[in-house]
Amino acid sequence: MKRLVTVVTGGSRGIGAAVCRRLAADGHDVVIGYVHDTKAAEAVADEVLQAGARGIAVRADTSVEADVDRLFATAEQRLGPVTGLVNNAGVASPLGRLADTDTADLRRVVDVNLLGTLLCCRRAAQLMTPRRDGVIVNISSVASTLGSPGDYVHYAATKAAVDALTIGLSQELGPDGIRVNSVAPGLIDTDIHAATGDPDRVRRVGPEIPLGRAGRAEEVAAAVAWLMSPDASYTSGAVLRVSGGR
Ligand code: NAP
């Protein structure tokens with residue numbers, strides 16, 4: 001029987017790690033991409049193995065073309081043809097107005113969130129198109145429609161671009177039997193908020209959300225798992241908000 005082999009970028013922590021655990025439980029073999037935290041990535045690979053699937057951790061910065069090529073080559077050599085991609089790797093930068101944001105932070109956010117997603121989508125499209133089989137889920141953000149003024153408009157702009165990519169690529173690849181969708185999380189309780197210099201954000205902003213709290217990474221993973229599954233066989237080009245109503 002055909003094995004599902006799914007590459008999850010940024011699978012070592014937060015939403016990506018929850019996606020890896022959930023996909024393993026759903027029968028996917030999982031390639032866990034990461035950059036810095038080898039221990040965390042290997043711990044997720046162990047959990048995937050314990051769930052009865054195959055899991056490998058591969059260090060790969062998605063903003064670097066050679067790393068992306070190696071990520072997919074390693075996946076195919078060790079686990080077989082890649083059938084799925086979850087573009088989850090993403091970064092934010094210190095909160096602030098655009099006027100006060102460093103060029104280096106602008107570049108990093110664009111490089112990882114947009115160029116990285118494009119490079120991974122391109123590699124997946126090259127591999128999946130001749131096989132006429134594959135599913136891609138891009139993790140964007142509700143920032144793409146909220147704009148995030150005063151916090152990180154550059155981050156919001158990259159996420160809007162990811163949703164535009166989802167729409168266009170779903171139309172390019174639909175005739176080849178490949179589905180492409182976005183999941184747009186709202187406020188989710190992960191380490192990303194500490195990296196923006198606002199470790200208290202989940203506690204402070206959570207009560208303002210219609211459902212009265214921040215989301216959990218597992219709640220985003222459930223939406224990703226549905227889009228990856230045959231239950232979503234007629235869903236392509238969709239942007240699914242997982243945001244507690246915001
Ligand atoms: P997180 O806890 O900070 O985890 C980020 C993950 O991305 C880590 O696994 C990290 O790897 C990896 N990563 C960072 N830069 C990378 C790169 N250049 N190449 C490959 N991997 C890289 O973040 P998160 O909250 O789970 O966010 C996951 C995704 O959801 C992001 O795209 C984010 O923009 C989006 N999102 C998050 C929220 C939220 O509230 N949390 C809301 C909307 C959207 P290392 O462990 O090696 O550093």
Side-chain angles (χ1 to χ4, degrees), residues 7-21 30-45 57-68 70-72 85-93 95 105 107-120 137-146 148 151-152 154-163 165-166 182-206 209 213-221 223-224 239-244 246:
V7 173
V8 181
T9 66
S12 49
R13 294 183 290 114
I15 292 169
V19 167
C20 291
R21 291 186 202 103
V30 184
V31 182
I32 301 136
Y34 73 101
V35 201
H36 308 104
D37 199 336
T38 305
K39 261 197 180 151
E42 282 172 356
V44 175
V58 180
R59 183 182 206 122
D61 182 335
T62 54
S63 68
V64 176
E65 183 175 0
D67 279 23
V68 170
R70 188 171 42 74
L71 174 65
F72 281 85
L85 166 65
V86 180
N87 272 308
N88 165 79
V91 291
S93 57
L95 297 182
D105 284 334
R107 271 195 209 291
R108 190 68 194 144
V109 168
V110 172
D111 275 357
V112 177
N113 296 5
L114 180 53
L115 180 64
T117 302
L118 283 165
L119 290 172
C120 290
V137 173
N138 295 322
I139 306 296
S140 60
S141 169
V142 293
S144 65
T145 54
L146 300 177
S148 306
D151 286 347
Y152 31 58
H154 55 300
Y155 171 90
T158 63
K159 294 300 190 176
V162 166
D163 286 342
L165 167 65
T166 290
S182 279
V183 168
L187 180 71
I188 308 299
D189 190 0
T190 71
D191 294 345
I192 203 168
H193 307 292
T196 67
D198 190 11
D200 254 9
R201 191 177 186 81
V202 162
R203 196 183 49 79
R204 203 183 63 252
V205 180
I209 288 166
R213 63 172 177 86
R216 297 186 306 275
E218 291 71 23
E219 293 174 303
V220 181
V224 173
V239 178
L240 176 54
R241 288 171 93 85
V242 181
S243 60
R246 194 154 76 141

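One is the number of the first residue; the rest follow in order along the sequence. Order of listing sets the numbers, starting from 1, for every ligand and every atom in it.
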Worksheet item: Is there any N or O on Ile188 that sits under 3.5 Å from an N or O of ligand 1?
Response: yes
Fill in: Where Asn87 and Cys120 come nearest, the two heavy atoms and their spacing
OD1-CB, 3.1 Å
Practice prompt. Could you tell me the residue and atom name of the protein heavy atom closest to atom 18 (N) of ligand 1, and the distance to it rounded to 0.1 Å?
Written response: Asp61 OD1, 2.9 Å
Item to complete: With heavy atoms only and a cut-off of under 4.0 Å, state how Lys39 meets ligand 1: side chain, backbone, both or neither.
Response: neither
Discussion item. Any side-chain to backbone donor/acceptor pair from Arg70 onto Arg59? Under 3.5 Å, distance only.
Written reply: yes
Worksheet item: For Asn113 and Val91, what are the C-alpha separation, side-chain angles and deciding distance, and is it a side chain to side chain contact (heavy atoms under 4.5 Å, CB included)?
Response: CA-CA 7 Å; Asn113 296 5; Val91 291; 3.8 Å; yes
Item to complete: Answer yes or no for Thr9: is there a heavy-atom contact with ligand 1 below 4.0 Å?
Response: no
Practice prompt. Mark yes or no for whether His193, through its side chain, and Ile188, through its backbone, hold a donor-acceptor pair below 3.5 Å.
Written response: yes
Worksheet entry | Any N or O of Ser141 closer than 3.5 Å to N or O of ligand 1 | no
Worksheet item: Mind checking whether Tyr152 and Asp105 have side chains closer than 4.5 Å, heavy atoms only?
Response: no
Worksheet item: Hey, is Ala92 one of the residues with a heavy atom under 4.0 angstrom from ligand 1?
Response: no
Discussion item. Is the contact between Ala60 and ligand 1 made by the side chain, the backbone, both, or neither, using heavy atoms and a 4.0 Å cut-off?
Written reply: backbone
Item to complete: Verify, without hydrogens or angle tests, whether Arg241 (side chain) and Gly186 (backbone) share a donor-acceptor contact under 3.5 angstrom.
Response: no
Worksheet item: Does the Thr190 side chain pair with the main chain of Ile192, one donor and one acceptor, at a distance under 3.5 Å?
Response: yes
Worksheet, complete the sentence: Counting from 1 in the order shown, the ligand 1 atoms closer than 4.0 Å to a non-hydrogen atom of Ile139 are 29 (C), 30 (O), 35 (C)
Item to complete: Take Thr117 and Asn138 through the side chain to side chain donor-acceptor pair (under 3.5 Å) test and state the conclusion after the steps.
Response: CA-CA 8 Å; Thr117 302; Asn138 295 322; 5.6 Å; no
Worksheet item: With no hydrogens and no angle check, is any side-chain donor or acceptor of Lys159 less than 3.5 Å from a backbone partner on Ile139?
Response: yes
Discussion item. Would the distance check show the side chain of Asp111 and the main-chain N or O of Gly116 forming a donor-acceptor pair, the cut-off being under 3.5 Å?
Written reply: no
Fill in: Closest contact, heavy atoms only, Ser63 versus Arg108
OG-NH1, 3.3 Å
Fill in: Ser140 heavy atom under 4.0 Å from ligand 1
yes
Practice prompt. Check Pro185 against Ile15 and note the closest heavy-atom contact, atom names and distance.
Written response: CG-CD1, 4.2 Å
Worksheet item: Any idea which heavy atoms bring Val142 and Ser243 closest together, and the distance?
Response: CG1-CB, 3.6 Å
Fill in: Protein heavy-atom partner closest to atom 15 (N) of ligand 1 - residue, atom, separation in Å
Val91 CG1, 3.6 Å
Fill in: N/O donor-acceptor pair under 3.5 Å between Ser141 side chain and Ala184 backbone
no
Practice prompt. Check each of Ile192, Thr158, Val35, Val142 against atom 17 (C) of ligand 1 and report the one with the nearest heavy atom.
Written response: Val35
Worksheet item: Can Ala17 be said to touch ligand 1, with heavy atoms closer than 4.0 Å?
Response: no
Item to complete: Provide the number and element of each atom of ligand 1 under 4.0 Å from a heavy atom of Arg108.
Response: 18 (N)
Worksheet item: Taking all atoms of both residues into account, what is the closest heavy-atom pair of Val44 and Ser12, and its distance?
Response: CG2-O, 3.6 Å
Item to complete: Looking only at protein heavy atoms, identify the closest one to atom 10 (C) of ligand 1 and say how far it is in Å.
Response: Arg13 NH2, 3.7 Å
Worksheet entry | Atoms in ligand 1 flagged as close to Tyr155, the criterion being non-hydrogen separation under 4.0 Å | 33 (C), 34 (O), 35 (C), 36 (N), 43 (C), 44 (C)
Item to complete: Report, in ascending order of atom number, the atoms of ligand 1 lying under 4.0 Å from any heavy atom of Gly10.
Response: 6 (C), 7 (O), 9 (O), 12 (C), 21 (N)
Discussion item. Among Asn88, Val86, Thr38, which one puts a heavy atom closest to atom 28 (C) of ligand 1?
Written reply: Asn88
Item to complete: Do me a favour and list the nearest non-hydrogen protein atom to atom 42 (C) of ligand 1 with residue, atom name and distance?
Response: Gly186 O, 2.9 Å
Worksheet, complete the sentence: When distances are taken from atom 26 (O) of ligand 1, the protein heavy atom at minimum range is Ile15 N, 2.8 Å
Worksheet item: If hydrogens are left out, which of Gly11, Ala89, Ser12, Ser243 has an atom nearest to atom 45 (P) of ligand 1, that is, the closest non-hydrogen atom?
Response: Ser12
Practice prompt. Please indicate whether any nitrogen or oxygen in Asp37 is less than 3.5 Å from any nitrogen or oxygen in ligand 1.
Written response: yes
Discussion item. Can you report which non-hydrogen protein atom sits closest to atom 43 (C) of ligand 1, along with the distance?
Written reply: Pro185 O, 3.3 Å
Worksheet item: Heavy atom of Lys159 under 4.0 Å from ligand 1?
Response: yes
Worksheet item: Between Thr62 and ligand 1, does any nitrogen or oxygen pair lie at a separation below 3.5 Å?
Response: yes
Fill in: Shortest protein contact, atom 47 (O) of ligand 1 (heavy atom only)
His36 N, 2.5 Å
Discussion item. How far is atom 24 (P) of ligand 1 from the closest protein heavy atom, and which atom is that?
Written reply: Thr190 OG1, 3.6 Å
Worksheet item: How far apart are the closest heavy atoms of Val220 and Val183, and which atoms are they?
Response: CG1-CG1, 3.8 Å
Worksheet entry | Minimum non-hydrogen distance to atom 5 (C) of ligand 1, winning option of Gly16, Gly14, Gly90 | Gly90
